[in-house]
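Atom set for the values below is all heavy atoms of this structure, side chains included, hydrogens, waters and symmetry mates excluded.
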Amino acid sequence: MAIATRCGRVLAAGAAALTVAGGLVATGGPASAATGPDTQAAVHSVTAGAQATASGFWTQARMKSATGVGAGGAVTASPQADPTPPPGTPDSVYFNGVPTVGALFFTTGTQAHFCTASVVDSATLDLLLTAAHCVYGSSGPATNVVYVPEWHQGVSPYGAWPVKTITVAAGWQQSENPDLDFAFLAVTPPAGVHKPIQLVTGGLRLGINTAYSQPITPIGYNNTDDRPIKCATRSLKFEPTQIEFYCNNYQDGTSGGPWITHFNPKTGTGTVIGEIGGYEQGGDYAWQSFSPYYSWPILRLFLKAELRHL
């Protein structure tokens, strides 16, 4: 997106449930194609030494000074003038967050940035979902990547979890195909924690081939505050491979933020059917956000990330 860009969004929930390699995946609704070589996985592994460096890099001061990433990986200084949103567009609200969603901090070169990410249910119990444009650009993967669940106002209730693998589709790695703007990250527990993240925070089911239009709660972190925002809105069909929603104040940093159906505000659980990304890397306006439609390409990528050691 332009100034209203965000890092990450999430897809809508489905009707039927399917257990895939131990991870609960919701399926149902319209199906989409894309089965060529561009949907194969590209996996980047982070060494133990680099993970330790990332953990030490992210002080509270650096987290608070990090900036959200805009369209094309650019960081924008102030929002562009938005046209008037459609009548009835709801407003987002600030809150202190939920355990299943957090801020994703990373560096590109010497710049410190952030996006949004969420924990997804998996057999390995250690996977996150975010937008590919947050973690893999034209110069390669992001560095010093850590995930902070429920981060708000400088508080990190579950610590900072360093990323050990970044899995994106080959079509994103090669040409930044907006229909493949999603990524799965595996994380390592911080010092003193001896459980995988899903057992600590809970997770979201991954929704595959679900209805284009349904009630959702998108969550994200933006440049205007150090607390996340959420909104009661609906997902809509933009085109067969992209969905959208309308809600005000989704700006830089919300990329990668999940779109959650059947959202439980106490536990943060539900089904993720999209994440802010895709068309224009999430959108050009703070009231209109996009996501790739979750179909077989993201399911294949999820299985690769889940079964990466097999």
Side-chain angles (χ1 to χ4, degrees), residues 1 4-13 26 63 68 79 82 85-86 88-105 114-121 128-131 134 147-158 182 201-207 210 213-236 243-278 282-283 285-291 294:
M1 313 185 60
T5 294
R6 328 85 227 239
C7 281
R9 313 287 174 74
V10 77
L11 253 189
M63 289 181 185
D82 290 356
T89 297
D91 291 325
S92 59
V93 296
Y94 286 99
F95 73 126
N96 285 337
V98 288
T100 56
V101 183
L104 186 72
F105 295 97
F114 69 92
C115 278
T116 305
S118 58
V119 181
V120 289
D121 291 344
L128 311 178
L129 170 68
T130 191
C134 290
Y147 173 69
V148 185
E150 203 175 336
W151 186 77
H152 62 280
Q153 296 180 311
V155 177
S156 305
Y158 301 98
F182 38 69
T201 65
L204 300 167
R205 295 195 308 169
L206 181 64
T210 65
S213 179
Q214 54 189 312
I216 59 168
T217 302
I219 298 176
Y221 291 81
N222 68 31
N223 265 343
T224 62
D225 205 280
D226 58 0
R227 292 195 298 161
I229 55 174
K230 63 180 179 178
C231 186
T233 186
R234 293 188 67 86
S235 62
L236 303 168
I243 54 175
E244 64 178 335
F245 72 78
Y246 296 150
C247 187
N248 291 312
N249 199 32
Y250 280 78
Q251 301 185 36
D252 289 353
T254 62
S255 287
W259 305 13
I260 306 171
T261 64
H262 307 290
F263 175 64
N264 184 319
K266 293 184 178 179
T267 63
T269 54
T271 300
V272 57
I273 64 160
E275 33 62 51
I276 294 174
Y285 308 119
W287 51 265
Q288 182 183 37
S289 301
F290 297 94
S291 169
Y294 287 180

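The ring pair (Phe, Tyr, Trp, His ring centres under 6.0 Å) test applied to Tyr246 returns Trp287, not counting sequence neighbours. Partners of Pro265 according to the side chain to side chain contact (heavy atoms under 4.5 Å, CB included) rule, which considers only residues two or more places apart in sequence or in another chain, are Phe263. Under the ring pair (Phe, Tyr, Trp, His ring centres under 6.0 Å) criterion, Tyr147 pairs with no residue, sequence neighbours left out. For Glu244, the side-chain hydrogen bond (donor to acceptor under 3.5 Å, both in side chains) partners two or more places apart in sequence, or in a different chain, are Gln288. Not counting sequence neighbours, Thr89 has no partner by the side-chain hydrogen bond (donor to acceptor under 3.5 Å, both in side chains) test. Under the side-chain hydrogen bond (donor to acceptor under 3.5 Å, both in side chains) criterion, Thr233 pairs with no residue, sequence neighbours left out.
In plain terms, the two heavy atoms of Val155 and Pro157 that are nearest each other are O-CD, 3.4 Å. Contact record, Ala117 with Leu104: CB-CB, 4.2 Å, taken as the closest heavy-atom pair.
For the pair Ser235 (side chain) and Gln214 (backbone), a donor-acceptor distance under 3.5 Å is present. Side-chain N or O atoms of Thr100 include one that pairs as donor or acceptor with a backbone N or O of Gly268 at under 3.5 Å. Side chain of Ser118 to backbone of Gly203: no donor-acceptor contact under 3.5 angstrom is found.
Between Pro258 and Leu204 there is a side-chain heavy-atom pair separated by less than 4.5 Å. Between Cys231 and Phe245, the closest side-chain pair of non-hydrogen atoms is not below 4.5 Å. Side-chain contact between Ser291 and Ile243 is present, with heavy atoms from C-beta onward closer than 4.5 Å. Counting heavy atoms from C-beta on, the side chains of Trp151 and Phe114 never come closer than 4.5 Å.
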Using a 3.5 Å cut-off and no angle test, enumerate the donor-acceptor pairs between side-chain atoms of residues 91-99 and protein atoms at least two apart in sequence or in another chain.
{"from": "Asp91", "atom 1": "OD1", "to": "Asn248", "atom 2": "ND2", "distance (Å)": "2.7"}
{"from": "Ser92", "atom 1": "OG", "to": "Asn248", "atom 2": "O", "distance (Å)": "2.8"}
{"from": "Tyr94", "atom 1": "OH", "to": "Thr224", "atom 2": "OG1", "distance (Å)": "2.5"}
{"from": "Tyr94", "atom 1": "OH", "to": "Asn249", "atom 2": "ND2", "distance (Å)": "3.3"}

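Taken to the nearest 0.5 Å, the CG atom of Asp225 stands 11.5 Å off from the NE2 atom of His152. For the atom pair OG of Ser289 and CD of Gln251, the computed distance is 10.0 Å after rounding to the nearest 0.5 Å. Note that the CE atom of Met63 and the CG atom of Asp226 stand 12.5 Å from one another [nearest 0.5 Å]. Taken to the nearest 0.5 Å, the NE2 atom of His262 stands 11.5 Å off from the OG1 atom of Thr269.
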